[in-house]
Amino acid sequence: LERAAAVLKAVGMPAHHMNKLPVVMSGGQLQRVFLARAFAQEPDIILLDEPSNHLDLKHRLILIDLLQKYASSGHGVIGIFHDLNLAAALSDRIMLMNDGQNILCDNSETVCKSSLLSEIYGFDVRKYMHDSLEKWK
């Protein structure tokens, strides 16, 4: 119970949610419970499929921090992300795939600068990302 409480706290779930039934949780709360369960088991490698799904920005940042700390402690973290910013923030290496095929596997910077992104997504991804950032200046 102590370990469960600690990992729930780490993923941003308040203690009073510990006995909540999954059917009354929001999507983001449920996603954090799933992440807490994975961390509680302390596997050598965590495999994640869209772990940021349903998470707000604050909890995405918590997720990034937790996964980076987990990886830094000698564990492996492999994730599937459609959010390129999140993939780049989390990853040492990114495998760019299309129709189940490995198109490019390299460091984050190389993949993010690759023209293959635009070929796969069918639009100028780099321009889209740069234009999006301009709104925050």
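When a residue number appears, it is its place in the shown sequence, counting from 1.
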- Can you tell me if Arg93 uses its side chain to pair, donor with acceptor, with the backbone of Cys105 under 3.5 Å?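 It does hold such a pair.
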Not counting sequence neighbours, which residues clear salt bridge (charged side-chain N to carboxylate O under 4.0 Å, His left out) with Glu2? List them please.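 Partners of Glu2 under the salt bridge (charged side-chain N to carboxylate O under 4.0 Å, His left out) test: none.
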Practice problem: Could you walk me through whether Leu84 and Tyr121 pass the side chain to side chain contact (heavy atoms under 4.5 Å, CB included) test, one step at a time? | Solution: CA-CA 11 Å; Leu84 295 174; Tyr121 282 90; 3.8 Å; yes
Would you mind reporting whether [Y] and [X] have side-chain heavy atoms less than 4.5 Å apart?
| X | Y | value |
| --- | --- | --- |
| Ile103 | Met95 | no |
| Asp106 | Ile94 | no |
| Lys20 | His17 | yes |

Pairing residues for [X] by the side-chain hydrogen bond (donor to acceptor under 3.5 Å, both in side chains) criterion, not counting sequence neighbours:
| X | answer |
| --- | --- |
| His54 | none |
| Gln101 | none |
| Thr110 | Asn107 |

Can you give me every donor-acceptor pair (side chain of residues 68-79, partner residue at least two apart or in another chain, under 3.5 Å) with its distance?
| unit_1 | atom_1 | unit_2 | atom_2 | d |
| --- | --- | --- | --- | --- |
| Gln68 | NE2 | Ala89 | O | 3.0 |
| Lys69 | NZ | Asp65 | OD2 | 3.0 |
| Tyr70 | OH | Pro43 | O | 2.5 |
| Ser72 | OG | Gln68 | O | 2.8 |
| Ser73 | OG | Tyr70 | O | 2.7 |
| Ser73 | OG | His75 | ND1 | 2.8 |
| His75 | ND1 | Tyr70 | O | 3.3 |

When you check the gap from the basic side-chain N to the acidic O, do Arg60 and Asp56 get nearer than 4.0 Å?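 Result for this pair is no, no salt bridge flagged.
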| query | For Ser91 and Ala87, which heavy atoms make the closest approach, and how far apart are they? | reply |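 Heavy atoms only, the tightest pair is OG-O, 2.6 Å.
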Check: residues 23-39 side-chain donor-acceptor pairs under 3.5 Å, at least two apart:
| unit_1 | atom_1 | unit_2 | atom_2 | d |
| --- | --- | --- | --- | --- |
| Ser26 | OG | Gln29 | N | 3.1 |
| Gln29 | OE1 | Ser26 | N | 2.9 |
| Gln31 | NE2 | Glu50 | O | 3.1 |
| Gln31 | NE2 | Pro51 | O | 2.9 |
| Arg32 | NE | Gly28 | O | 3.3 |
| Arg32 | NH1 | Gly12 | O | 2.8 |
| Arg32 | NH1 | His59 | NE2 | 2.9 |

